[in-house]
Amino acid sequence: MKGVLLTQRKFIYHYKNVRWARGRNETYLCFVVKKRNSPDSLSFDFGHLRNRSGCHVELLFLSYLGVLCPGFLGSGVDGVRVAYAITWFCSWSPCSNCAHRLSRFMSQMPNLRLRIFVSRLYFCDEEDSQEREGLRCLQRAGVQVTVMTYKDFFYCWQTFVAQNQKAFKAWDDLHQNSIRLSRKLQRILQPSESEDLRDGFALLGL
DNA sequence: ATTTTCAAT
């Protein structure tokens, strides 16, 4: 799983942020794990994972965390807790169950920072979908969730794909789709105007 | 206009 680069074809197919992602019945997760042992010592690890049948890729990643982050669960050398920063790029945003599991996990791990970039939003069309609530739960747990933009696809191409010096070429509508999905995610994560008003009234004691 | 989704055949 580690050190193996994605093929160009697979990356493009699975990370394409098209509106109707027919046939993407798999999810890929490209990760970078940054480990800070001390203020002036840093190490990296990176790679990608794909979901297995019956196990979503996020939970698969959690199960590998002990391998990727030695000493993660315990304390580091000298009893000082090592700080980790994980960034991952997922072709789909997490399902409700994974989001809640991740949130709970993160709330127990103060030495871990997680940033999630997603290409497409998974089952977020319904206003009251569980997936939307799951994303808000992640946000409350301090996880940064962001829709991938051109620079993120570019970075992934450079980092996780066997690109053989071939430059990343954006597909049609990459930018427009990214903007549309970013706005959608913002609407999901931002408290609604009426909630703002309610909070405002509550503050004023009204 | 409508289309999909960490499958199930």
Side-chain angles (χ1 to χ4, degrees), chain A residues 1-2 4-33 46-68 86-106 112 114-139 141 143-150 152-153 155-157 159-161 170-189:
Chain A
M1 66 156 206
K2 282 166 52 183
V4 182
L5 297 174
L6 272 166
T7 64
Q8 301 180 7
R9 235 174 89 130
K10 263 192 182 160
F11 177 77
I12 297 285
Y13 181 70
H14 285 284
Y15 279 87
K16 222 175 197 180
N17 60 359
V18 288
R19 191 146 172 54
W20 311 111
R22 179 188 289 276
R24 273 68 168 189
N25 297 315
E26 292 176 322
T27 298
Y28 281 79
L29 188 160
C30 295
F31 61 86
V32 177
V33 176
F46 74 97
H48 74 268
L49 295 170
R50 196 199 69 190
N51 67 294
R52 307 248 175 255
S53 65
C55 185
H56 282 188
V57 73
E58 293 89 343
L59 300 186
L60 199 61
F61 182 87
L62 282 194
S63 74
Y64 283 137
L65 206 52
V67 181
L68 286 170
I86 296 172
T87 301
W88 82 44
F89 303 85
C90 231
S91 51
W92 285 113
S93 61
C95 78
S96 158
N97 182 48
C98 289
H100 284 97
R101 294 273 295 269
L102 274 170
S103 304
R104 228 176 310 151
F105 182 80
M106 289 305 294
L112 174 61
L114 176 61
R115 290 190 301 170
I116 299 178
F117 290 84
V118 302
S119 174
R120 299 180 303 267
L121 297 173
Y122 185 71
F123 281 114
C124 283
D125 286 346
E126 307 289 331
E127 200 67 42
D128 58 348
S129 82
Q130 294 297 305
E131 274 62 34
R132 285 187 176 223
E133 180 50 34
L135 293 174
R136 286 189 285 265
C137 185
L138 277 171
Q139 189 183 46
V143 177
Q144 180 193 314
V145 187
T146 312
V147 167
M148 289 173 74
T149 64
Y150 177 86
D152 304 312
F153 293 113
Y155 172 80
C156 283
W157 181 264
T159 310
F160 306 106
V161 177
W171 47 86
D172 288 348
D173 297 328
L174 180 154
H175 185 58
Q176 280 310 311
N177 288 334
S178 174
I179 287 180
R180 176 176 53 79
L181 288 165
S182 297
R183 286 187 182 142
K184 186 167 175 178
L185 180 60
Q186 275 174 30
R187 281 199 302 275
I188 292 169
L189 296 181

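The chains referred to below are lettered A, B, ... by the order of the sequence lines, with proteins before strands, and numbering in each begins at 1. The basis for the numbers below is simple: all heavy atoms, side chains too, and nothing from hydrogens, waters or symmetry mates.
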For DNA chain B, the residues among residues 10-22 of chain A that have a non-hydrogen atom under 4.0 Å from it: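 DNA chain B contact set from residues 10-22 of chain A: Arg19(A), Trp20(A), Ala21(A), Arg22(A).
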Residues touching DNA chain B, which here means a heavy atom under 4.0 Å, drawn from residues 119-128 of chain A: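 The stretch gives Leu121(A), Tyr122(A), Phe123(A), Asp125(A) as the residues lying under 4.0 Å from the strand, ordered by number.
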Shortest non-hydrogen separation from Cys124(A) to Ser129(A) and the atoms involved: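 For Cys124(A) versus Ser129(A), the nearest heavy atoms are CA-OG, 4.0 Å.
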List for me each residue that meets side chain to side chain donor-acceptor pair (under 3.5 Å) alongside [X], sequence neighbours excluded, and say none if there are none.
| X | answer |
| --- | --- |
| Gln176(A) | none |
| Ser63(A) | none |
| Thr87(A) | Arg115(A) |

Salt bridge (Lys or Arg N to Asp or Glu O under 4.0 Å) involving Glu133(A) - partner list, sequence neighbours excluded: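 Applying salt bridge (Lys or Arg N to Asp or Glu O under 4.0 Å) to Glu133(A) gives Arg136(A), Arg140(A).
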Test salt bridge (Lys or Arg N to Asp or Glu O under 4.0 Å) applied to Glu127(A) - qualifying residues, sequence neighbours left out: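 Only Arg132(A) meet the salt bridge (Lys or Arg N to Asp or Glu O under 4.0 Å) criterion with Glu127(A).
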First and last nucleotide of DNA chain B, 5' to 3', lying under 4.0 Å from heavy atoms of chain A: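 Nucleotide range with atoms under 4.0 Å of chain A: dT3(B) to dA7(B).
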Contacts of type ring-ring contact (aromatic ring centres under 6.0 Å, His included), residue Tyr155(A), not counting sequence neighbours: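 Partners of Tyr155(A) by the ring-ring contact (aromatic ring centres under 6.0 Å, His included) criterion, ordered by chain and then number, come out as Phe89(A).
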Partners meeting ring-ring contact (aromatic ring centres under 6.0 Å, His included) with His14(A) (sequence neighbours left out):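 Residues passing ring-ring contact (aromatic ring centres under 6.0 Å, His included) with His14(A): Tyr28(A).
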Sugar-phosphate only, base, or nothing, as touched by Glu131(A) at under 4.0 Å among non-hydrogen atoms: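 The residue Glu131(A) makes no contact with any strand.
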Touch class at under 4.0 angstrom, heavy-atom based, for Ser96(A) against every strand present: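 Here Ser96(A) touches no strand at all.
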Expressed as a whole number of Å, how far does the [atom1] atom of [N] sit from that of [M]?
| N | M | atom1 | result |
| --- | --- | --- | --- |
| dC6(B) | dT2(B) | P | 23 Å |
| dT5(B) | dT9(B) | P | 14 Å |
| dT3(B) | dA7(B) | P | 22 Å |

Sequence-distant partners of Ser178(A), side chain to side chain contact (heavy atoms under 4.5 Å, CB included), two or more places apart: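 Residues passing side chain to side chain contact (heavy atoms under 4.5 Å, CB included) with Ser178(A): Asn17(A), Val147(A), Thr149(A), Ser182(A).
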Residue list, side chain to side chain contact (heavy atoms under 4.5 Å, CB included) with Ile179(A), at least two apart or on another chain: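 Scan of Ile179(A) (side chain to side chain contact (heavy atoms under 4.5 Å, CB included), adjacent residues dropped) gives His175(A), Arg183(A).
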Pairing of Asp172(A) and Lys16(A) as salt bridge, 4.0 angstrom limit: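 Between Lys16(A) and Asp172(A) there is no salt bridge, as every charged N stays at least 4.0 Å from the carboxylate O atoms.
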